[in-house]
Amino acid sequence: MYIVKTGVVWKFYSHRGKKVPTEFAFPGDIIFSFQSYTTQIPSLEYIQTFEDSLIQKIEFGKFESLKFQSDILVQLDTLLLEYQILKLEDRLNSLQFKSASDRLHWLLDREPHLLDKIPQRHIASYLGITLETLIRLRKKV
(Lines give C-alpha, C1' and ligand atoms only; values in the text may rest on other atoms or scores of the structure.)
Protein backbone atom coordinates (compact mmCIF):
# COMPACT_ATOMS: atom_id res chain seq x y z
CA MET A 1 0.00 0.00 0.00
CA TYR A 2 1.36 3.43 -0.92
CA ILE A 3 0.46 6.92 0.26
CA VAL A 4 1.18 9.53 -2.40
CA LYS A 5 2.87 12.55 -0.82
CA THR A 6 3.83 14.37 -4.04
CA GLY A 7 3.57 13.59 -7.72
CA VAL A 8 1.29 11.30 -9.71
CA VAL A 9 1.08 7.51 -9.49
CA TRP A 10 -0.89 5.09 -11.62
CA LYS A 11 -1.91 1.43 -11.69
CA PHE A 12 -2.02 -0.43 -14.98
CA TYR A 13 -2.03 -3.81 -16.66
CA SER A 14 0.31 -4.61 -19.51
CA HIS A 15 -1.74 -6.12 -22.34
CA ARG A 16 -0.15 -6.94 -25.70
CA GLY A 17 2.60 -4.45 -25.05
CA LYS A 18 0.15 -1.68 -24.15
CA LYS A 19 -0.25 -0.20 -20.67
CA VAL A 20 -3.93 -0.19 -19.71
CA PRO A 21 -4.59 2.13 -16.75
CA THR A 22 -6.92 1.16 -13.93
CA GLU A 23 -6.37 3.98 -11.46
CA PHE A 24 -4.53 7.25 -10.94
CA ALA A 25 -3.43 8.66 -7.59
CA PHE A 26 -2.45 12.16 -6.53
CA PRO A 27 -1.05 13.69 -3.33
CA GLY A 28 -3.07 12.50 -0.35
CA ASP A 29 -4.34 9.38 -2.14
CA ILE A 30 -3.66 5.78 -1.15
CA ILE A 31 -3.03 3.32 -3.95
CA PHE A 32 -2.67 -0.44 -3.86
CA SER A 33 -3.48 -3.53 -5.87
CA PHE A 34 -6.77 -4.78 -4.44
CA GLN A 35 -6.11 -8.33 -5.67
CA SER A 36 -2.59 -8.49 -4.25
CA TYR A 37 -3.63 -6.85 -0.98
CA THR A 38 -6.49 -9.27 -0.33
CA THR A 39 -4.85 -12.49 -1.58
CA GLN A 40 -1.22 -11.71 -0.72
CA ILE A 41 -0.06 -13.05 -4.08
CA PRO A 42 1.45 -10.92 -6.84
CA SER A 43 -1.11 -9.44 -9.18
CA LEU A 44 -0.73 -8.67 -12.87
CA GLU A 45 -1.21 -5.00 -12.06
CA TYR A 46 1.73 -2.60 -11.88
CA ILE A 47 2.06 0.57 -9.80
CA GLN A 48 4.35 3.25 -11.20
CA THR A 49 5.00 6.98 -10.89
CA PHE A 50 4.38 9.38 -13.79
CA GLU A 51 6.83 11.95 -12.52
CA ASP A 52 9.23 12.49 -9.67
CA SER A 53 7.11 11.57 -6.68
CA LEU A 54 7.39 11.08 -2.97
CA ILE A 55 5.47 8.04 -1.81
CA GLN A 56 5.27 6.29 1.53
CA LYS A 57 5.18 2.51 1.45
CA ILE A 58 3.21 0.65 4.10
CA GLU A 59 4.29 -2.98 4.37
CA PHE A 60 1.36 -5.39 4.61
CA GLY A 61 2.88 -7.43 7.45
CA LYS A 62 3.67 -4.37 9.54
CA PHE A 63 0.21 -2.95 8.95
CA GLU A 64 -1.37 -6.30 9.89
CA SER A 65 0.58 -6.47 13.15
CA LEU A 66 -0.34 -2.85 13.99
CA LYS A 67 -4.02 -3.66 13.38
CA PHE A 68 -3.90 -6.11 16.29
CA GLN A 69 -2.91 -3.21 18.51
CA SER A 70 -5.43 -0.66 17.25
CA ASP A 71 -9.15 -0.88 16.56
CA ILE A 72 -8.85 2.37 14.60
CA LEU A 73 -6.49 0.71 12.10
CA VAL A 74 -8.91 -2.20 11.72
CA GLN A 75 -11.65 0.31 10.92
CA LEU A 76 -9.32 2.16 8.53
CA ASP A 77 -8.50 -1.09 6.73
CA THR A 78 -12.21 -1.88 6.35
CA LEU A 79 -12.94 1.62 5.07
CA LEU A 80 -10.07 1.46 2.56
CA LEU A 81 -11.30 -1.85 1.18
CA GLU A 82 -14.91 -0.66 1.02
CA TYR A 83 -13.84 2.55 -0.72
CA GLN A 84 -11.78 0.57 -3.24
CA ILE A 85 -14.75 -1.68 -4.00
CA LEU A 86 -17.03 1.34 -4.47
CA LYS A 87 -14.52 2.99 -6.83
CA LEU A 88 -14.18 -0.20 -8.88
CA GLU A 89 -17.94 -0.66 -9.07
CA ASP A 90 -18.46 2.97 -10.08
CA ARG A 91 -15.87 2.67 -12.85
CA LEU A 92 -17.28 -0.65 -14.06
CA ASN A 93 -20.79 0.81 -14.24
CA SER A 94 -19.44 3.77 -16.18
CA LEU A 95 -17.63 1.55 -18.68
CA GLN A 96 -20.59 -0.77 -19.16
CA PHE A 97 -23.52 1.61 -19.27
CA LYS A 98 -22.37 5.10 -20.25
CA SER A 99 -21.58 6.65 -23.61
CA ALA A 100 -18.08 7.93 -24.33
CA SER A 101 -19.26 11.49 -23.69
CA ASP A 102 -20.86 10.49 -20.39
CA ARG A 103 -17.67 8.68 -19.35
CA LEU A 104 -15.61 11.80 -19.95
CA HIS A 105 -18.07 13.88 -17.90
CA TRP A 106 -17.99 11.18 -15.21
CA LEU A 107 -14.21 11.52 -15.08
CA LEU A 108 -14.27 15.32 -15.09
CA ASP A 109 -16.76 15.30 -12.21
CA ARG A 110 -14.63 12.98 -10.11
CA GLU A 111 -11.05 13.85 -11.04
CA PRO A 112 -10.82 17.02 -13.16
CA HIS A 113 -7.10 17.40 -12.42
CA LEU A 114 -6.37 14.21 -14.38
CA LEU A 115 -6.47 16.10 -17.66
CA ASP A 116 -3.61 18.32 -16.51
CA LYS A 117 -1.28 15.57 -15.35
CA ILE A 118 -1.98 12.40 -17.35
CA PRO A 119 -1.15 11.88 -21.05
CA GLN A 120 -4.30 11.84 -23.17
CA ARG A 121 -3.59 8.34 -24.53
CA HIS A 122 -3.77 6.96 -20.98
CA ILE A 123 -6.96 8.87 -20.21
CA ALA A 124 -8.55 7.50 -23.40
CA SER A 125 -7.53 3.97 -22.47
CA TYR A 126 -8.82 4.45 -18.92
CA LEU A 127 -12.18 5.57 -20.34
CA GLY A 128 -12.27 2.72 -22.85
CA ILE A 129 -12.32 5.05 -25.87
CA THR A 130 -9.91 5.89 -28.67
CA LEU A 131 -7.56 8.82 -28.44
CA GLU A 132 -9.34 10.41 -31.42
CA THR A 133 -12.69 10.17 -29.62
CA LEU A 134 -11.22 11.76 -26.50
CA ILE A 135 -9.74 14.66 -28.50
CA ARG A 136 -13.06 15.21 -30.28
CA LEU A 137 -15.04 15.11 -27.01
CA ARG A 138 -12.62 17.44 -25.21
CA LYS A 139 -13.17 20.07 -27.91
CA LYS A 140 -16.88 20.01 -27.03
CA VAL A 141 -16.34 20.30 -23.27
Side-chain angles (χ1 to χ4, degrees), residues 1-68 70-141:
M1 185 181 321
Y2 303 94
I3 300 171
V4 181
K5 300 291 189 176
T6 64
V8 180
V9 178
W10 68 319
K11 283 192 318 188
F12 64 90
Y13 288 97
S14 183
H15 181 68
R16 296 182 182 161
K18 182 179 175 187
K19 293 178 178 178
V20 181
T22 57
E23 186 177 356
F24 302 99
F26 297 90
D29 290 341
I30 295 174
I31 191 166
F32 59 97
S33 169
F34 185 74
Q35 180 183 17
S36 182
Y37 184 80
T38 56
T39 65
Q40 285 305 287
I41 58 174
S43 99
L44 298 175
E45 210 167 25
Y46 297 90
I47 297 174
Q48 186 179 59
T49 61
F50 260 117
E51 59 190 24
D52 288 341
S53 302
L54 177 61
I55 56 175
Q56 182 176 3
K57 180 180 179 181
I58 301 172
E59 297 278 344
F60 179 82
K62 289 181 184 178
F63 186 64
E64 284 296 299
S65 63
L66 287 173
K67 283 186 348 187
F68 287 111
S70 171
D71 289 338
I72 292 173
L73 290 180
V74 171
Q75 292 173 359
L76 175 64
D77 186 48
T78 301
L79 289 173
L80 284 172
L81 293 176
E82 288 174 352
Y83 180 69
Q84 187 71 13
I85 291 167
L86 291 172
K87 281 185 2 184
L88 290 169
E89 185 176 51
D90 191 33
R91 179 156 183 260
L92 178 63
N93 287 334
S94 176
L95 289 170
Q96 286 187 311
F97 304 116
K98 294 183 180 185
S99 68
S101 177
D102 288 343
R103 280 182 252 161
L104 178 58
H105 286 287
W106 169 85
L107 182 66
L108 291 173
D109 288 344
R110 282 159 185 73
E111 304 190 56
H113 52 280
L114 239 87
L115 298 174
D116 299 329
K117 295 282 191 175
I118 308 297
Q120 287 192 54
R121 72 182 192 282
H122 294 311
I123 293 171
S125 180
Y126 180 74
L127 294 173
I129 60 177
T130 65
L131 178 57
E132 294 77 17
T133 299
L134 177 62
I135 291 168
R136 181 177 43 82
L137 290 172
R138 283 198 64 195
K139 287 179 183 177
K140 294 178 181 180
V141 175

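In this chain, residues are counted from 1 in sequence order. Since this is a predicted model, take the numbers as computed values, not measurements.
The two residues Gln35 and Ser43 come nearest to each other via the heavy atoms OE1-CB, 3.5 Å.
The side chain to side chain donor-acceptor pair (under 3.5 Å) search around Thr49 returns none, not counting sequence neighbours. Checked against ring-ring contact (aromatic ring centres under 6.0 Å, His included), Phe34 has no partners two or more places apart in sequence or in another chain. For Tyr13, the side-chain contact (heavy atoms from CB on, under 4.5 Å) partners are Thr22, Leu44, Glu45, not counting sequence neighbours. Considering only residues two or more places apart in sequence or on other chains, Lys57 meets the side chain to side chain donor-acceptor pair (under 3.5 Å) condition with Glu59. Among residues two or more places apart in sequence or in another chain, the side chain to side chain donor-acceptor pair (under 3.5 Å) test is passed with Lys117 by none. Considering only residues two or more places apart in sequence or on other chains, Asp90 meets the side chain to side chain donor-acceptor pair (under 3.5 Å) condition with Trp106, Arg110. For Lys62, the salt bridge (Lys or Arg N to Asp or Glu O under 4.0 Å) criterion is met by no residue, not counting sequence neighbours. Here His113 pairs with Phe26 under the ring-ring contact (aromatic ring centres under 6.0 Å, His included) rule; sequence neighbours left out.
A distance of 5.0 Å separates CG in Leu114 from CD1 in Ile123, rounded to the nearest 0.5 Å. Atoms CD1 and CD, from Ile30 and Gln56 in turn, are 9.5 Å apart once rounded to the nearest 0.5 Å. From Ile55, atom CD1 reaches atom CD1 of Ile31 across 9.0 Å, with rounding to the nearest 0.5 Å. Taken from NZ in Lys11 to OG in Ser36, the straight-line distance is 10.0 Å, to the nearest 0.5 Å.
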Table please: side-chain donor-acceptor pairs of residues 75-86 below 3.5 Å, with sequence neighbours left out.
{"unit_1": "Asp77", "atom_1": "OD1", "unit_2": "Tyr37", "atom_2": "OH", "d": "2.3"}
{"unit_1": "Asp77", "atom_1": "OD2", "unit_2": "Lys67", "atom_2": "NZ", "d": "2.7"}
{"unit_1": "Thr78", "atom_1": "OG1", "unit_2": "Val74", "atom_2": "O", "d": "3.1"}
{"unit_1": "Gln84", "atom_1": "NE2", "unit_2": "Glu23", "atom_2": "OE1", "d": "3.4"}

Counting only pairs under 3.5 Å, give me each side-chain donor-acceptor contact of residues 125-141, with atom names and distances, residues two or more places apart or in other chains.
{"unit_1": "Thr130", "atom_1": "OG1", "unit_2": "Thr133", "atom_2": "N", "d": "3.1"}
{"unit_1": "Thr130", "atom_1": "OG1", "unit_2": "Thr133", "atom_2": "OG1", "d": "2.8"}

Could you pull out all donor-acceptor pairs under 3.5 Å where a side-chain atom in residues 94-101 meets a protein atom, sequence neighbours excluded?
{"unit_1": "Ser99", "atom_1": "OG", "unit_2": "Asp102", "atom_2": "N", "d": "3.1"}
{"unit_1": "Ser99", "atom_1": "OG", "unit_2": "Asp102", "atom_2": "OD2", "d": "3.3"}

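You'll find the side chain of Trp10 reaches within 4.5 Å of the side chain of Gln48, heavy atoms only. You'll find the side chain of Ile47 reaches within 4.5 Å of the side chain of Tyr2, heavy atoms only. Residues Pro119 and Phe50 meet the side-chain proximity criterion, which asks for heavy atoms closer than 4.5 Å.
Counting heavy-atom neighbours within 6.0 Å of Asp116 CG, excluding the residue itself, gives a total above 12. Other residues, nucleotides and ligands contribute at most 12 non-hydrogen atoms within 6.0 Å of the CG atom of Asp71.
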